[in-house]
Protein chains: 2
Amino acid sequence: MRMVIATCSVVYTGRGDTRLPAAVRAILIKTDGAVSIHSDFGNKPLNYMGKGSIHTESEADGTLVWSFDSRKESIQIHLHAVHSDSDHLLSEVEPGLVRDGTEPQLQAWLAEHPEQLGPGYTLVGREYPTGAGPVDLLVLDEAGTPVAVEVKRVAMLGAADQVSRYMEALRSEVEFQHVRGMIAALDVRPKTRLLAEKRNISWVELPRTWRDERVVTGSSEPSLGEEE
Amino acid sequence: MRMVIATCSVVYTGRGDTRLPAAVRAILIKTDGAVSIHSDFGNKPLNYMGKGSIHTESEADGTLVWSFDSRKESIQIHLHAVHSDSDHLLSEVEPGLVRDGTEPQLQAWLAEHPEQLGPGYTLVGREYPTGAGPVDLLVLDEAGTPVAVEVKRVAMLGAADQVSRYMEALRSEVEFQHVRGMIAALDVRPKTRLLAEKRNISWVELPRTWRDERVVTGSSEPSLGEEE
DNA sequence: TGGTGCATTTCGCCC
DNA sequence: GGGCGAAGTGCACCA
């Protein structure tokens with residue numbers, strides 16, 4: 001990875017257009033062609049370019065200009081003054097981040113414990129296909145009525161919309177004429193609760209301790225399969 | 001901004017939980033307390049922490065450990081070996097990125113040119129309040145029927161959902177009993193078109209040249225006010 | 001390669 | 001400070 005500290009101004013054209021007035025910033029150039037320009041504030045780079053960009057060098061008005069171009073985008077960095085330029089050897093193989101507590105894991109846990117959604121609930125399927133894309137979980141309530149469940153860590157308005165969309169698609173099939181909708185999340189936001197209730201979508205907040213419970217319940221059912 | 005090149009492993013706890021096996025990476029520490037850990041690939045840091053974190057140093061099993069803690073999150077970086085450690089003075093005042101072609105600008109342009117939505121269309125309001133949040137534009141069609149318009153650069157399924165939500169809220173008011181819905185975007189994705197049509201939401205694709213036309217139209221109407 | 005949805009999304013705006 | 005929505009979102013996954 002190469003890092004250049006420079007007084008620079010930037011012009012970007014692509015999905016949108018941006019320009020960045022001159023200031024001293026850090027430019028990171030990675031081996032895969034990813035480029036990012038950082039100020040001394042915040043996590044997000046001011047300008048950036050995805051991996052696979054092609055680096056060319058030119059000059060305009062006596063100023064060094066670096067261009068990074070990809071299929072549909074292009075960025076030009078005007079280097080008014082270079083204060084530092086260094087190369088650093090990072091690992092060529094990145095082990096990668098291991099996440100825990102993700103939505104897919106929450107979904108898997110619920111698939112094994114559908115009773116968390118309501119007493120007597122049973123699983124029909126995960127990522128169950130509908131005409132509007134796969135719904136996270138399809139379950140049956142205690143009365144045997146199908147319920148389309150959207151799983152989220154934090155449920156906001158869009159979650160209710162997704163449920164509505166899946167219900168809308170499923171209702172055109174005979175066996176799902178009376179499908180209900182449900183949001184299952186660790187955190188269901190207030191406005192989302194209101195919207196859900198107005199649309200007759202039920203919601204449950206799951207215990208924050210679900211990952212601990214996953215272990216506890218797992219130990220009481222010794223023959224469970226491997227988890228994601 | 002401080003940059004440390006180090007063989008490090010990381011543990012993060014907060015909104016989720018992650019761990020990162022040991023490898024050589026670049027650690028950026030900014031003056032506002034933002035921290036990010038980069039591999040040599042891609043733009044997104046593997047681990048990160050927002051501004052305002054508090055940095056403390058300790059030791060575990062003879063290894064240097066840096067902790068960065070904020071209100072609800074915490075990250076620990078185990079520095080197995082430090083290969084480089086440098087400080088760089090970046091601009092204390094960042095001029096900031098200037099964007100062009102954003103959604104608010106597109107919205108402003110449409111507000112001045114409602115005929116782009118259809119012949120005879122007139123503007124009622126921008127960010128017009130509904131019980132489900134403000135709708136981008138409220139206009140009247142040539143027959144005087146109100147139309148709730150969601151403006152997007154790229155319209156995907158969520159855009160249709162937003163329109164549905166606003167219509168749902170507006171219809172409970174007498175004067176908007178028969179409000180229609182509309183998506184106005186530079187790019188309306190195929191599945192979004194289908195969903196919109198199924199829900200009786202109309203859609204228009206706006207000319208990619210709208211920013212040029214903004215200039216052209218402006219020159220033919222010399223007394224227009226300042227734009228955003 | 002394009003479509004769709006998650007993300008420790010980040011960030012900004014408004015309440 | 002919390003809620004909500006845009007983003008040049010990035011990114012993985014899947015058709």
Side-chain angles (χ1 to χ4, degrees), chain A residues 10-20 34 36-37 41-51 70-75 96-107 127 129 132-136 150-154 156-159 161-162 165 187 189-195, chain B residues 10-20 34-37 41-51 70-75 96-107 127 129 132-136 150-159 161-162 165 187 189-192 195:
Chain A
V10 184
V11 173
Y12 161 85
T13 315
R15 285 174 279 190
D17 295 86
T18 73
R19 62 196 163 77
L20 189 56
S36 52
I37 299 156
F41 310 94
N43 271 320
K44 208 179 163 190
L46 294 159
N47 275 111
Y48 48 90
M49 194 83 177
K51 58 184 173 186
S70 75
R71 192 91 181 93
K72 306 175 183 171
E73 297 169 287
S74 138
I75 188 171
L97 191 68
V98 183
R99 293 177 175 79
D100 198 8
T102 62
E103 192 203 280
Q105 289 172 340
L106 184 53
Q107 186 192 115
E127 299 293 343
V135 62
D136 286 338
E150 176 63 29
V151 180
K152 283 264 182 285
R153 286 187 312 110
V154 180
M156 296 194 297
L157 298 179
D161 288 332
Q162 281 186 53
R165 208 190 300 150
D187 184 1
R189 297 304 173 98
K191 286 188 89 170
T192 307
R193 296 179 186 191
L194 292 174
L195 181 60
Chain B
V10 183
V11 174
Y12 161 84
T13 315
R15 283 172 282 192
D17 294 86
T18 73
R19 61 196 164 76
L20 189 58
V35 182
S36 52
I37 299 156
F41 311 94
N43 271 318
K44 207 181 163 188
L46 294 159
N47 276 112
Y48 47 90
M49 193 84 178
K51 58 185 172 186
S70 74
R71 192 91 182 92
K72 307 175 182 170
E73 298 170 287
S74 135
I75 189 170
L97 191 68
V98 183
R99 293 177 175 79
D100 197 8
T102 62
E103 194 205 279
Q105 290 172 339
L106 184 52
Q107 188 193 112
E127 299 294 342
V135 63
D136 287 338
E150 176 63 27
V151 179
K152 284 261 183 287
R153 285 186 309 111
V154 181
M156 295 193 296
L157 297 179
D161 289 332
Q162 283 186 50
R165 209 190 300 149
D187 183 2
R189 297 305 172 101
K191 287 191 90 171
T192 306
L195 182 60

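A, B, ... follow the sequence lines: proteins, then strands. Residue 1 opens every chain.
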Trainee: Out of C:dG5, D:dA6, C:dC11, which nucleotide sits closest to the side chain of B:Leu157?
Mentor: C:dG5
Trainee: What is the distance from atom NZ of A:Lys44 to atom NZ of B:Lys44, rounded to the nearest 0.5 Å?
Mentor: 12.0 Å
Trainee: Give me, pair by pair, the N or O atoms of the protein and of nucleotides 12-15 of chain C that are less than 3.5 Å apart, along with how far apart they are.
Mentor:
none

Trainee: Would you indicate whether the side-chain heavy atoms of B:Thr13 and B:Glu73 approach each other to under 4.5 Å?
Mentor: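 They are not in contact (no side-chain heavy atoms under 4.5 Å apart), so the answer is no.
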Trainee: Can you tell me how far P of C:dC6 sits from CZ of B:Arg15, to the nearest Å?
Mentor: 17 Å
Trainee: Between D:dG3 atom P and A:Lys152 atom NZ, what is the distance in whole Å?
Mentor: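 A:Lys152 atom NZ is separated from D:dG3 atom P by 17 Å.
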Trainee: Considering every strand and a 4.0 Å limit on heavy-atom distances, what is the contact class for A:Thr13: base, sugar-phosphate, or nothing?
Mentor: nothing
Trainee: Check whether any side-chain N or O of B:Asp100 sits under 3.5 Å from a backbone N or O of A:Gly16 as a donor-acceptor pair, and report yes or no.
Mentor: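 No: the side chain of B:Asp100 does not pair with the backbone of A:Gly16.
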Trainee: Using a 4.0 Å heavy-atom cut-off, does A:Glu150 contact any base of the nucleic acid, only the sugar-phosphate backbone, or nothing at all?
Mentor: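 Since only primed, P, OP1 and OP2 atoms lie under 4.0 Å of A:Glu150, the category is sugar-phosphate.
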Trainee: Grab the OH-P distance between A:Tyr48 and D:dG10 for me, whole Å please.
Mentor: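 My rounded result for the distance is 4 Å.
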Trainee: For the base of D:dG8, is there a side-chain donor-acceptor partner from A:Asn47 under 3.5 Å away?
Mentor: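 Between D:dG8 and A:Asn47, which were checked side chain against base, a qualifying N/O pair under 3.5 Å is present.
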Trainee: Roughly how many Å is it from OH in A:Tyr12 to C1' in D:dA7, rounded to a whole number?
Mentor: 11 Å
Trainee: Closest approach of A:Asn43 and B:Ala34, non-hydrogen atoms and distance?
Mentor: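 Answer, listing the atom of A:Asn43 first, then B:Ala34: OD1-CB, 4.0 Å.
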Trainee: With nearest nucleotide decided by heavy atoms, which residue, A:Asp17 or B:Phe41, maps closer to the 5′ end of DNA chain D?
Mentor: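 Comparing both residues, the 5'-ward one is A:Asp17.
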Trainee: Side-chain N or O of A:Arg71 versus OP1/OP2 of C:dG2: is the shortest distance under 4.0 Å?
Mentor: no
Trainee: Of B:Thr18 and A:Arg165, whose closest DNA chain C nucleotide lies nearer the 5' terminus?
Mentor: A:Arg165
Trainee: Side chains of A:Leu46 and A:Val10: closer than 4.5 Å at any heavy-atom pair?
Mentor: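 No - every pair of side-chain heavy atoms lies 4.5 Å or more apart.
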Trainee: Taking the minimum atom-to-atom distance to the side chain of A:Ile75, which one of D:dG8, C:dT8, C:dA7 wins?
Mentor: D:dG8
Trainee: Rounding to an integer number of angstrom, what distance separates C:dC14 and D:dG8 when you compare their C1' atoms?
Mentor: 24 Å
Trainee: I want to confirm an ordering. Mapping B:Asp136 and A:Asp187 to their closest nucleotides on DNA chain D, which one lands closer to the 5' end?
Mentor: A:Asp187
Trainee: Would you classify B:Leu46 as touching base, sugar-phosphate or nothing, given that sugar-phosphate means primed atoms plus P, OP1 and OP2, and contacts are heavy atoms under 4.0 Å?
Mentor: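 It contacts base atoms.
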Trainee: To the nearest Å, give me how far apart NZ (B:Lys44) and C1' (C:dT8) are.
Mentor: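 Rounding to the nearest Å, NZ of B:Lys44 and C1' of C:dT8 are 8 Å apart.
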Trainee: Does a side-chain N or O from B:Gln105 land closer than 4.0 Å to OP1 or OP2 of D:dG8, or not?
Mentor: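 False: B:Gln105 side-chain N/O out of range (4.0 Å or more) of D:dG8 OP1/OP2.
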Trainee: Within the 4.5 Å heavy-atom criterion, are B:Gln162 and B:Asp136 side-chain neighbours or not?
Mentor: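 They are not in side-chain contact.
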Trainee: Could you tell me the separation between the CZ atom of B:Arg189 and the P atom of C:dG5, rounded to a whole number of Å?
Mentor: 12 Å
Trainee: OP1, OP2 of C:dC6 versus side-chain N and O of A:Gln162: anything below 4.0 Å?
Mentor: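 Yes, A:Gln162 has a side-chain N/O under 4.0 Å of OP1/OP2 on C:dC6.
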Trainee: Starting from P on C:dT8, measure out to CG on B:Leu20 and report it in whole angstrom.
Mentor: 13 Å
Trainee: Starting from the 5' end of DNA chain C, give me the residue, B:Met49 or A:Pro45, whose nearest nucleotide shows up first.
Mentor: B:Met49
Trainee: Regarding A:Gln107, tell me which of base, sugar-phosphate or nothing describes its non-hydrogen contacts under 4.0 Å with the strands shown.
Mentor: nothing
Trainee: Rounding to an integer number of Å, can you tell me how far A:Lys72 NZ sits from D:dG8 C1'?
Mentor: 12 Å
Trainee: For the CZ atom on B:Arg19, are there more than 12 heavy atoms of other groups (residues, nucleotides or ligands in this structure) within a distance under 6.0 Å?
Mentor: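 For B:Arg19, atom CZ is not crowded (no more than 12 foreign heavy atoms under 6.0 Å).
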Trainee: Could you check if a side-chain atom of B:Glu127 sits within less than 4.5 angstrom of a side-chain atom of B:Gln107, using non-hydrogen atoms only?
Mentor: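 Yes, at least one pair of side-chain atoms sits under 4.5 Å.
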Trainee: Looking only at heavy atoms, which two atoms of B:Met49 and B:Ile75 are closest? And how far apart?
Mentor: SD-CG2, 3.8 Å
Trainee: Students often get this wrong, so: under 4.0 angstrom with heavy atoms, is A:Gly42 touching a base, only sugar-phosphate, or nothing?
Mentor: sugar-phosphate
